[in-house]
Amino acid sequence: MVRVRFAPSPTGHLHIGGARAALFNWLFARHNKGAFILRIEDTDRTRSTEEYINSIIEGMKWLNLDWDEGPYKQTDRFDIYRSYADKLLKEGKAYYCYCSPEELEQGRKEALAQGKQPKYDGRCRNLKAPVSGVTPAVRFRMPQEGETVVNDLIRGKIVFENAHLDDLIIMRSDGTPTYNFTVVVDDVDMNITHVIRGDDHLNNTPKQIHVYDALGYKVPLFAHLPMILGPDKTRLSKRHGATSVMAYKETGYLPEALVNYLVRLGWSYGDQEVFSRDELIKYFSFENVGKSSAVFNPEKFLWLNSHYIINSPAEKLAELVIPFLLKEKIVNEGQALDKGWLSKAVNTQKERSKTLIELAHSLRYYISEDVEYNEKAKVKFLNEKTLPYLIELKDRLASIPDFSASEIEKVFISIIEKHGIKLGNIAQPVRVAMTGKTESPGIFEVLEIIGKEKTMKRLEKAIKTIIK
RNA sequence: GGUCCCAUCGUCUAGAGGCCUAGGACAUGGCCCUCUCAAGGCUAAAACACGGGUUCGAAUCCCGUUGGGACUACCA
C-alpha cells in the first residue's frame with residue numbers, strides 16, 4: 001500500500017512550491033489508492049507558529065487536497081525522537097557534541113574563507129568523557145568511506161561520496177530534535193513508502209539514508225520534484241510577489257485553476273493543458289514528471305483561471321463572487337441580492353472576467369442605482385446625432401410588456417430598419433447610457449438584466465444630459 | 001569554494017535514434033466573426049546552449065565546455 005506525506009514547516013503560509021509538493025503527493029496517493037498523510041514539521045519552535053499551521057490547513061482545504069491521516073505535529077512526538085536518539089547513542093551511532101554554536105560558526109567561516117568545504121571537524125567524535133558545565137547536542141556519526149546511492153524515481157541513480165557527508169546534529173543542546181532526524185523517524189514510524197518532495201532536499205537524502213540504516217529500517221523510495229522559480233530564475237520567494245496560496249484566493253483565483261496550473265509545472269500528459277480532477281488522478285505518473293525547474297508564469301495562470309471561470313456554471317460563480325462584491329463595496333452588507341438574477345448577470349460577464357475580482361467589478365453597473373459616464377464615451381455617443389434614437393427607443397421600450405432580451409431586440413431591429421441605420425449606431429449610445437462605457441456584454445441582455453425601471457431612468461438621464 | 005541537479009520558442013512543455021521542414025499552450029502581431037468589449041476560429045513570428053564523439057542517421061545516446069539552480073545551520 002502506497003503511503004505518502006506532505007510535511008510542511010509552519011514558518012510561513014502555504015506557498016506555491018509547497019502546494020505543488022502537496023499536490024503531487026496527493027495525486028500519487030489517489031492514483032495508487034494509497035494514503036496521503038499531513039504532517040506538520042514544527043521542530044523549529046522559534047519560527048513555527050500555530051497561526052501558520054492553521055493557514056496551511058486552510059490552504060490545503062481550499063485546494064481540496066484532503067488527507068487521510070493527521071495533521072500530526074512533530075512537537076507532540078518529542079518523546080519518540082528522544083528514545084530513538086538514545087538508542088543511537090547507546091549503539092555508538094551517535095555521540096554528544098560539546099562544541100558551542102559560536103565556535104562552530106567560526107570554523108565554518110574560516111573554512112569558507114580558505115575555500116574549503118565547511119565541514120564539522122569531528123572533534124567530539126571520540127570524546128571519552130563529558131565536558132563539564134556544557135549541555136551537549138547529539139550528533140549522528142556519518143560513515144566517512146564508501147558511496148551512497150539514491151535511486152530517485154524522477155532523476156534515476158545519483159551517487160554521493162560519504163566523505164563529503166557531515167555529522168548531523170540530530171538533537172539540539174536544548175533537547176529538541178532537528179529536521180534531518182525527525183523526518184526519518186516519522187517516515188519510518190508512519191510507514192511512508194514514497195518520499196515526494198522538492199529537489200532542494202536532494203542533498204539531504206544520502207544523509208537521511210544513513211539515518212535509516214543506523215535505525216535498521218528499510219529506505220523508502222524517493223522522488224525529487226524540480227523547483228519552481230521566479231522570473232529571475234531563482235527559487236520562488238516572497239520577493240517575487242504573491243507566493244502564498246491564500247493570496248491567490250483573495251485576488252479571485254479558483255482553486256481548480258491553481259491546481260491545474262501547478263500540475264503542469266513539471267508534469268505533462270502529451271499536449272493536454274486542461275485536466276479535470278479525475279483525469280489528473282488517472283493520468284498522474286512520475287514518468288511524466290520533468291527534471292528541470294520551471295518558471296512560474298502569472299500570465300498563463302491567469303489564462304487558466306479565466307478558462308475555469310468561463311467554464312464554471314453561473315450559479316457557482318454567483319455564489320463565489322458575493323464575498324468580492326462585498327469586499328469591493330459593490331454591494332453593501334445586508335443588501336438583498338436575488339441569486340437567480342445574479343446568476344444571469346454573472347453569465348453575461350464570466351467570459352470577460354479573468355478573476356473573481358474582475359467579475360465583481362463587471363457587475364457594478366447591473367447592481368448600482370446610477371452610472372457615471374466615461375467622458376470620452378459620453379462625448380462620442382451621447383450627442384445631438386444620437387438623441388432622436390434614444391428618445392424613440394425609450395418610448396418604444398416603455399410600451400413592451402415583456403422586458404426580455406428577445407423582445408428588446410425586436411424593438412432595436414425595428415428602429416434601425418425604419419431609419420436604415422446599423423445596429424451599432426444605436427447600440428453604442430445605449431451602451432454608454434446603461435453602463436457609462438463603450439464595452440459591455442450584448443446590449444439586449446444588458447438591458448434585460450438592468451431591468452425596465454432602471455433602463456428607463458438611465459435613458460432619461462442620457463437624454464437630459466444631451467439636451468442640457 | 002565544495003557537493004549534487006538541470007539545459008527544446010520569452011515562459012510552460014511534447015519529443016523514448018529515422019514519424020522533426022521540431023508539435024501544443026500562454027503571451028505577442030494579423031485576419032475572420034461581430035452592436036462594443038470579450039470569448040471563439042484561423043494565421044504569423046518564435047527554440048533543440050556550444051564543441052566533440054557513437055551511428056547509415058542524433059533534439060534524442062556518451063564525453064567535455066558553458067550557463068543556470070539547489071544544498072553546504074544546534075532552519076526545514
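These values consider heavy atoms only, across backbone and side chains, with no hydrogens, waters or symmetry-generated copies. Throughout, protein chains are lettered first and strands after them, A, B, ... in sequence-line order, and every chain is numbered starting at 1.
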Determine the Euclidean distance between corresponding P atoms of B/A22 and B/G64; express it in Å to zero decimal places. 30 Å
Base, sugar-phosphate, or nothing for A/V159, non-hydrogen atoms under 4.0 angstrom? sugar-phosphate
Between OH of A/Y52 and P of B/C75 the distance, given in whole Å, is 18 Å
Just by modelled atom types, is the A/P441 backbone N or O under 3.5 Å from a matching donor or acceptor in the A/R431 side chain? yes
Taking the side chain of A/A294 as heavy atoms from C-beta outward, which of B/C12, B/A16, B/U72 is closest to it? B/C12
Is there a donor-acceptor contact under 3.5 Å from the side chain of A/K119 to the main chain of A/A163? yes
Could you tell me how far B/A46 sits from B/C12 if I compare only their C1' atoms? Round to whole Å. 15 Å
With rounding to the closest Å, how many angstrom separate the C1' atoms on B/U55 and B/C61? 10 Å
Return yes if the base of B/C74 and the side-chain atoms of A/S173 contain a donor-acceptor N/O pair under 3.5 Å, otherwise no. yes
Under 3.5 Å, is there an N or O donor on one side and an acceptor on the other linking the side chain of A/E273 and the base of B/G24? yes
Would you say the base of B/A27 and the side-chain of A/N297 have a donor-acceptor pair closer than 3.5 Å? no
Relative to the 5' end of RNA chain B, which residue comes earlier, A/I169 or A/S440, by the nucleotide with the nearest heavy atom? A/S440
Give me the distance, rounded to whole Å, that separates B/A14 from B/U8 when you measure between the P atoms they each carry. 10 Å
Do the side-chain N or O atoms of A/K233 get closer than 4.0 angstrom to the phosphate oxygens (OP1, OP2) of B/U11? yes
Quantified in whole Å, what is the C1' atom distance between nucleotide B/G57 and nucleotide B/G18? 7 Å
Can you measure A/H164 atom NE2 to B/G2 atom C1' for me and round it to whole angstrom units? 7 Å
I need the CG-P distance between A/D271 and B/G15, as an integer number of Å. 9 Å
Provide, to the nearest angstrom, the distance between the CG atom belonging to A/L202 and the P atom belonging to B/A70. 14 Å
B/G40 versus B/C48 - spacing of their C1' atoms, nearest Å: 33 Å
With P as the reference atom in both, quote the distance from B/C42 to B/C35 in angstrom, rounded to an integer. 22 Å
Rounded interatomic separation in angstrom, taking CD1 from A/I309 and P from B/A39: 12 Å
Return yes if the base of B/C35 and the side-chain atoms of A/R431 contain a donor-acceptor N/O pair under 3.5 Å, otherwise no. yes
Under the 3.5 Å rule, do the base of B/C5 and the side chain of A/R155 count as making a donor-acceptor pair? no
Rounding to the closest angstrom, what is the interatomic distance between B/U36 and B/A45 at atom P? 30 Å
Nearest whole Å is fine: how far is B/C9 P from A/K300 NZ? 14 Å
Can a side chain N or O of A/R47 be found less than 4.0 Å away from OP1 or OP2 on B/A73? no
Ignoring hydrogens and angles, answer whether the base of B/C6 and the side-chain atoms of A/K291 contain a donor-acceptor pair closer than 3.5 Å. no
Distance-only donor-acceptor check, side chains A/E102 and A/Q106, under 3.5 Å: no
A cation-pi test, strictly: NZ or CZ of A/K461 under 6.0 Å from the centre of the six-membered ring of A/Y373 and no more than 45 degrees from its axis. Yes or no? yes
Paired to B/A58 by Watson-Crick or G-U wobble criteria (both distances under 3.5 Å) is none
Exercise: do A/R172 and A/T176 side chains pair donor with acceptor under 3.5 Å: yes
Distance-only, no hydrogens or angles: does the A/R20 side chain make a donor-acceptor pair with backbone N or O of A/L265 under 3.5 Å? yes
Rounding to an integer number of Å, can you tell me how far A/L423 CG sits from B/U36 P? 8 Å
A/F444 has an atom CZ; how far is it from atom P of B/U34, in whole Å? 14 Å
